Amino acid sequence: MPDDLLKGIDRSWAAADPAALVPGHAARQAELEGLDPALAGLYARGAGVLAGAPDAAALHERTVALLGRERGVVTRALAGLPELPLEERKRRGRGLNLLKRWLEELERAKRAELERAAESREVLDVTLPGRRPWVGRAHVLAQVRDELLDLFHGLGYSVYTSPEVESEEYNFARLNFAPDHPARDAQDTYFVAPGVVLRTHTSPGWVRAMEERRPPLRLVFPGRVYRAEQVDASHMDQFHQLDGLCVDRDVSLADLKSTLNTFARSIYGAGVRTRLVPVYFPFVEPGAQLDVACAICDGSGRARSAAGEGRCPVCKGSGWSELLGAGMVHPNVLRAVGYDPEEVTGFAFGMGLERIAMARHGIPEIRLFLENDVRFLNQF
Ligand code: DAH
């Protein structure tokens with residue numbers, strides 16, 4: 001009979017010595033040997049495969065095969081008892097009860113051993129190589145801004161911040177924009193309420209600073225600005241600017257030029273070529289733009305591509321790219337804040353931070369700055 005029962009135990013299951021799990025194992029084996037040698041063989045095999053279970057799933061499978069209530073080896077052996085003669089039935093019944101209890105005990109001991117092993121695998125291994133913690137960094141535009149603030153700090157400028165929600169009066173009128181200037185159109189500017197706009201440039205900061213303070217002034221105005229733009233690869237409806245303002249006695253265009261050249265050399269390197277071209281802005285007179293020699297074609301206006309040599313696609317053949325607006329503060333702007341243009345003069349300049357970052361890092365798409373994709377931001 002036990003030979004038949006042995007078939008319930010898969011032959012391929014690896015066995016191990018149960019002695020380490022149950023201290024009295026050898027004595028138990030001997031006791032069954034004396035009582036019922038057939039059961040002793042069944043116990044040896046059953047105890048071996050429980051001890052040899054490689055993991056919790058295997059242990060469960062083996063336990064079901066041995067001790068399962070419906071089809072388990074022990075259950076089936078008990079079911080065969082009534083067929084036996086009385087004496088043999090008593091002996092086997094006693095033997096089976098021992099076998100059942102000892103296998104159950106072994107199963108508990110094995111399960112505890114597997115759990116201990118799983119826990120110890122989770123223990124900290126101090127010999128593993130360290131994992132670097134993820135460290136954040138300043139946004140690429142913040143890096144450019146901080147570099148500029150640092151540069152102008154060295155030239156004696158301090159930082160002045162002014163509101164992003166600005167009155168139409170400060171954004172336009174006090175900067176000498178005519179009432180019918182096209183920038184004041186709702187097509188170009190976001191109106192929050194009648195007479196209230198999202199500032200379209202950081203220049204209104206000058207007016208606030210000049211109203212609050214008396215010359216001499218050396219200030220920079222960093223911040224976010226808004227325009228009702230059609231969004232594309234080089235236009236966003238919000239971006240960043242940095243204006244600068246210097247007001248004092250005897251400030252001249254020569255001071256502006258040397259300040260701008262110091263700035264351009266610091267950003268583009270000592271060899272950079274620049275030019276100052278007259279341009280109209282309502283709040284300066286004369287007004288100008290500062291151009292730098294195109295970084296792509298080095299000022300030649302010609303560039304080589306797969307199609308052969310042709311017009312440089314970045315500066316559109318001009319050899320120059322526009323870096324910022326600048327000029328001497330318009331007397332009307334000085335008068336509007338109560339300064340006497342006969343006594344003090346000033347220069348100002350304003351630049352876009354996205355444009356500087358794009359030129360410096362070769363970033364082709366302005367929308368990347370706001371998408372907050374770490375794969376982009378991590379590169380800077
Ligand atoms: N505020 C101008 C703009 O947003 C840029 C500018 C031009 C600023 C000339 C200045 C300046 O300070 O002097 O387009």
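Numbers for residues simply follow the sequence, beginning at 1. Owing to the predicted nature of the structure, the values given are computational and were not obtained by experimental measurement.
At least one test fails for Arg199 against the ring of Tyr226: distance under 6.0 Å to the centre or angle within 45° of the axis.
Arg89 contributes no side-chain N or O that, together with a main-chain N or O of Glu83, makes up a donor-acceptor pair within less than 3.5 Å. A donor-acceptor distance shorter than 3.5 angstrom exists from the side chain of Gln379 to the backbone of Arg375, with no hydrogens or angles considered. Listed for the Thr345 side chain is no donor-acceptor partner under 3.5 Å among the backbone atoms of Arg249. For Arg355 (side chain) and Glu322 (main-chain N/O), a donor-acceptor pair under 3.5 Å exists by modelled atom type. The backbone N or O of Val247 sits nowhere less than 3.5 Å from a side-chain atom of Arg218 that would complete a donor-acceptor pair. Looking at Ser266, its side chain never comes within 3.5 Å of a backbone N or O of Thr262 through a donor-acceptor pair. Although no hydrogens or angles enter the test, the distance criterion places no donor-acceptor pair under 3.5 Å between the side chain of His361 and the main chain of Ile363. The closest donor-acceptor contact from the side chain of Asp146 to the backbone of Gln143 lies at 3.5 Å or more, if one exists at all. Judged by distance alone, the side chain of Asn176 and the main-chain N or O of Pro282 form a donor-acceptor pair under 3.5 Å.
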Start with the C-alpha distance between Ile356 and Leu323, add both sets of side-chain angles, then the distance that settles side chain to side chain contact (heavy atoms under 4.5 Å, CB included), and finish with yes or no. CA-CA 8 Å; Ile356 292 174; Leu323 190 54; 4.3 Å; yes
- Give the intermediate values and the outcome of side-chain hydrogen bond (donor to acceptor under 3.5 Å, both in side chains) for residues Asn171 and Glu169. CA-CA 6 Å; Asn171 195 82; Glu169 174 76 14; over 6 Å; no
Between Asn97 and Arg94, does a side-chain hydrogen bond (donor to acceptor under 3.5 Å, both in side chains) hold up when you go through it step by step? CA-CA 5 Å; Asn97 277 329; Arg94 217 154 59 86; over 6 Å; no
task = Take Ser300 and Asp298, measure what side-chain hydrogen bond (donor to acceptor under 3.5 Å, both in side chains) needs, and give me the verdict at the end.
result = CA-CA 6 Å; Ser300 71; Asp298 196 30; over 6 Å; no
As a quick check of understanding, evaluate side chain to side chain contact (heavy atoms under 4.5 Å, CB included) for Leu175 and His201, giving each step before the final call.
CA-CA 11 Å; Leu175 286 168; His201 51 177; 3.6 Å; yes
- Item | side chain to side chain contact (heavy atoms under 4.5 Å, CB included) assessment of Thr202 paired with Val225 | CA-CA 7 Å; Thr202 44; Val225 303; 3.8 Å; yes
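By the 4.5 Å heavy-atom criterion applied to side chains, Leu353 and Gln241 are not counted as neighbours. Side-chain contact between Tyr190 and Arg227 is absent, with no heavy atoms from C-beta onward closer than 4.5 Å.
Remark: the Tyr170 side chain and the Glu211 side chain contain an N/O donor-acceptor pair separated by less than 3.5 Å. Under 3.5 Å, the side chains of Asp188 and Thr200 contain no donor-acceptor pair of N or O atoms. Side-chain N/O atoms of Thr274 and Asn261 include a donor and acceptor closer than 3.5 Å. Side-chain contact, His240 with Glu354: a donor N or O sits under 3.5 Å from an acceptor N or O. Side-chain atoms of His235 and Asp232 form a donor-acceptor pair, as typed in the model, at a separation below 3.5 Å.
The aromatic ring centres of His181 and Phe172 sit 6.0 Å or more apart. In this structure, the ring of Phe283 has its center less than 6.0 angstrom from the ring center of Trp206.
Between Cys315 and Cys297, the shortest heavy-atom contact is SG-SG, 3.6 Å.
Classification of Asp291 and Arg275 as a salt-bridged pair holds, one side-chain N sitting under 4.0 Å from a carboxylate O. By the 4.0 Å N-to-carboxylate-O rule, Arg108 lies too far from Glu104 to be salt-bridged with it. A salt bridge links Arg28 and Glu105; the closest N-O separation between the charged side-chain nitrogens and carboxylate oxygens is under 4.0 Å. Between Arg111 and Glu107 there is a salt bridge, since at least one side-chain N of the basic residue sits less than 4.0 Å from a carboxylate O of the acidic one. Between Glu365 and Arg367 a salt bridge is recorded (basic side-chain N to carboxylate O distance below 4.0 Å). Using a 4.0 Å cut-off between charged side-chain N and carboxylate O, Glu168 and Arg174 make no salt bridge.
Around CD of Gln187, the count of heavy atoms belonging to other residues, nucleotides or ligands within 6.0 Å does not exceed 12.
Between atom CG of residue Leu50 and atom CG of residue Leu21 there is a gap of 9.0 Å, rounded to the nearest 0.5 Å.
Just one residue in the list Tyr160, Phe152, Tyr157 forms a ring pair (Phe, Tyr, Trp, His ring centres under 6.0 Å) with Phe221, and that residue is Tyr160. Considering Leu67, Leu42, Val73 as possible partners of Leu103, the one that fulfils the side chain to side chain contact (heavy atoms under 4.5 Å, CB included) test is Leu67.
By the 30° and 60° cut-offs, the orientation of the rings of Phe376 relative to Phe369 is perpendicular.
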